[in-house]
Amino acid sequence: MLNRSRMAQGLLWTELALAALLWVQVPGIVQRPLQHALVVVAGVVMVAAGERWALTVGDSRVSLAPAGAAAVFLAGGLPIAFWSLLLGSAAAGMANFRGLATGSDWAAGLIAFWTAAAAYHLWYWPGAFIQFIVVFLVINSGLVALHLLVRDGANGRHPFLRRDVMWNLAGWLVSLPLIAIFSLLVRQDRGWERLLAVLPFLTVAALLRNLQATRAAHVHTLVAADISTRMASADTLEQTLGYAEEAFRRTVGYTVLGIYLSAVDGSLQRARVWHPMGDAAPFAESLLPSDGLTGWAIESRTSELITDSRRDPAARPHPDDPFAPRSALILPLVSGTALMGMLVVGHEQPRQYGAPEFQLGQLVASRLAVALHQLRVTSEAKRLAVSDPLMPQLANYRYFTEVVGGLMGEDGEPLAVVFLDLDKFKAVNDRYGHQTGDRVLRDFVDLVRMQIRPTDLLARYGGDEFVLLLREVNQDGTEAAIQRIQESTAAQIWEGVEESIGVSAGYALYPEDATRLDRLIDLADSRMYRNKGARKRDPDCLRNTLP
């Protein structure tokens with residue numbers, strides 16, 4: 001990643017050097033000071049307005065700034081167009097200056113404009129301006145695509161910018177009448193009144209910006225409603241998190257997005273990260289209350305909007321992180337009074353998010369928190385439905401019968417049902433109390449699990465009685481497993497209990513002993529009681545007593 005970052009920076013420096021070299025090749029300004037000063041002012045205003053009021057469509061950014069510079073180019077030549085591009089871009093971009101990245105954007109625009117102007121003069125014909133537009137789009141988009149390829153590689157999220165070319169071409173088509181109007185008005189010998197030629201351009205740019213804002217608000221509302229519905233019906237955690245990512249991808253966009261979820265110990269652990277480089281995660285594995293703005297959000301349960309992290313000391317972006325976001329939304333996932341997690345949305349450009357994006361983020365975060373809470377409640381309900389109340393990690397008898405019944409049938413596998421009953425357990429409860437008795441039961445469960453396979457199933461029948469499913473076994477394998485359980489139980493030293501505790505066992509085989517579930521269980525139960533009677537006469541009787 002660091003090698004790619006250095007290569008991308010080298011490419012940007014190369015673009016800046018090339019732009020400076022081309023600047024030297026631009027001829028001097030023709031000596032008509034007033035006329036050209038006015039044209040430069042008009043060009044700077046149009047370029048600055050085009051940059052500040054640029055439209056964002058998905059991953060594409062449509063700016064009318066090149067069209068404004070092109071209008072100046074037709075009216076006064078390439079030098080004035082260069083000055084307009086440089087000064088207008090600087091005026092619009094200083095508030096969002098990103099150092100080398102911003103400089104490279106300017107350089108790419110100047111290189112593309114110089115190449116398009118050279119082609120315009122070299123191959124002038126009635127449709128030369130159309131040729132100008134095509135050359136500009138190809139060179140500008142090609143430089144951007146090359147930078148993204150070097151920085152992100154073939155696996156980057158940025159495709160070759162076909163959609164960007166299409167949207168920018170649409171911007172040029174909208175601008176063609178404005179360029180014609182500007183060219184006609186600026187040639188009128190009206191002195192400072194020529195500046196009125198920029199009004200149609202500014203009006204259309206402002207209208208397009210307002211149209212985008214209205215459309216974006218409408219899209220945000222529709223996407224939020226759609227995602228909320230899908231989140232509410234999601235069956236898995238992966239689906240739910242994916243819907244949250246989709247909401248931001250379809251609306252505000254991001255460079256990196258991370259979701260953290262609350263763990264059992266109360267910490268926030270990284271659950272999922274989306275960013276251009278794929279699986280590598282630029283976010284920390286866990287968030288702590290002492291971690292800057294995220295820590296503040298954890299403690300206060302308050303969302304935060306960061307417009308520029310480099311100007312906000314509390315944000316503290318890591319200097320070595322190539323995807324350190326300049327803009328960010330920090331959104332706690334709160335359902336009721338419970339903190340379910342944290343959602344962090346970041347973009348590499350400053351001031352990418354404002355009040356509308358912040359409101360949408362809060363809405364998505366609240367819906368995600370509710371969906372996560374519902375998933376947790378549903379998961380807990382399912383767990384309680386199949387687990388024992390005293391030992392939640394242990395299956396209950398109802399779930400046990402469902403599993404065994406599902407394994408039986410015409411093509412059912414051979415299996416054994418085993419009943420286990422602790423000897424002298426009542427005396428332990430009476431002498432030491434129920435808390436000690438519960439501890440003995442939990443220790444016994446751990447002991448049995450050490451003697452069986454992961455595919456076998458242990459469940460609690462009631463009190464100190466347990467049922468055990470042994471899969472794909474015969475009589476010898478079943479009796480060997482019972483003997484291991486009985487021997488390890490007899491050798492166990494129970495904490496806080498002086499007496500020794502044993503276990504009686506009985507089993508029934510499927511399909512040899514019975515083909516019905518109720519018959520298997522009754523037979524295993526009766527054999528367990530026969531084994532218990534035999535063990536009272538001979539405590540060393542460790543083998544199952546068969547009829």
Between the main-chain N or O of [Y] and the side-chain N or O of [X], is there a donor-acceptor pair closer than 3.5 Å?
X: Ser327; Y: Gln352; result: yes
X: Ser366; Y: Val364; result: no
X: Gln239; Y: Asp235; result: yes

Rounded distance (nearest 0.5 Å) linking atom [atom1] of [X] with atom [atom2] of [Y]:
X: Leu329; Y: Gln359; atom1: CG; atom2: CD; answer: 11.5 Å
X: Leu368; Y: Leu261; atom1: CG; atom2: CG; answer: 8.0 Å
X: Leu339; Y: Glu299; atom1: CG; atom2: CD; answer: 11.0 Å
X: Met46; Y: Leu85; atom1: CE; atom2: CG; answer: 10.5 Å
X: Leu360; Y: Tyr353; atom1: CG; atom2: OH; answer: 10.5 Å
X: Leu343; Y: Ile330; atom1: CG; atom2: CD1; answer: 11.0 Å

Side chains of [X] and [Y]: closer than 4.5 Å at any heavy-atom pair?
X: Trp274; Y: Ile259; answer: yes
X: Leu176; Y: Leu173; answer: yes
X: Leu372; Y: Leu237; answer: yes
X: Leu375; Y: Thr240; answer: yes
X: Asn396; Y: Phe400; answer: no

For Phe136, give me all partners under ring-ring contact (aromatic ring centres under 6.0 Å, His included), at least two apart in sequence or on another chain.
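Partners of Phe136 by the ring-ring contact (aromatic ring centres under 6.0 Å, His included) criterion, ordered by chain and then number, come out as Trp172.
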Modelled atom types, side-chain donor and acceptor of Tyr254 and Glu245, under 3.5 Å:
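Distance-only check passes for Tyr254 and Glu245.
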Centroid-to-centroid, Phe113 to Phe132, below 6.0 Å?
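Judged by ring-centre distance (under 6.0 Å), Phe113 and Phe132 do meet the cut-off.
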Ion pair check, Glu238 and Arg272, cut-off under 4.0 Å
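A salt bridge is present here (some side-chain N lies under 4.0 Å from a carboxylate O).
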Out of the candidates Phe129, Tyr120, Phe182, only one should pair with Phe73 under the ring pair (Phe, Tyr, Trp, His ring centres under 6.0 Å) rule; please name it.
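The residue from Phe129, Tyr120, Phe182 that satisfies ring pair (Phe, Tyr, Trp, His ring centres under 6.0 Å) with Phe73 turns out to be Tyr120.
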Grab the two heavy atoms, one from [X] and one from [Y], that are nearest each other, plus how far apart they are.
X: Ala119; Y: Gln131; value: O-NE2, 2.8 Å
X: Pro332; Y: Ala365; value: O-CB, 4.1 Å
X: Val47; Y: Ala65; value: O-CB, 3.5 Å
X: Gly253; Y: Val345; value: O-CG1, 4.4 Å
X: Ala42; Y: Val198; value: CB-CG1, 3.4 Å
X: Ala69; Y: Ala81; value: O-CB, 3.6 Å

Sorted by first residue and then second, give each salt bridge (charged side-chain N to carboxylate O under 4.0 Å, His left out) pair with at least one member in residues 219-228; sequence neighbours left out.
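Sorted pair list: Asp226-Arg230, Asp226-Arg250.
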If the test is side-chain contact (heavy atoms from CB on, under 4.5 Å), which one of Met342, Arg376, Gln269 qualifies with Ser262?
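The single option meeting the side-chain contact (heavy atoms from CB on, under 4.5 Å) with Ser262 is Arg376.
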Verify the neighbour count for atom OH of Tyr397: are there more than 12 heavy atoms of other residues, nucleotides or ligands below 6.0 Å?
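Result for OH/Tyr397: enclosed.
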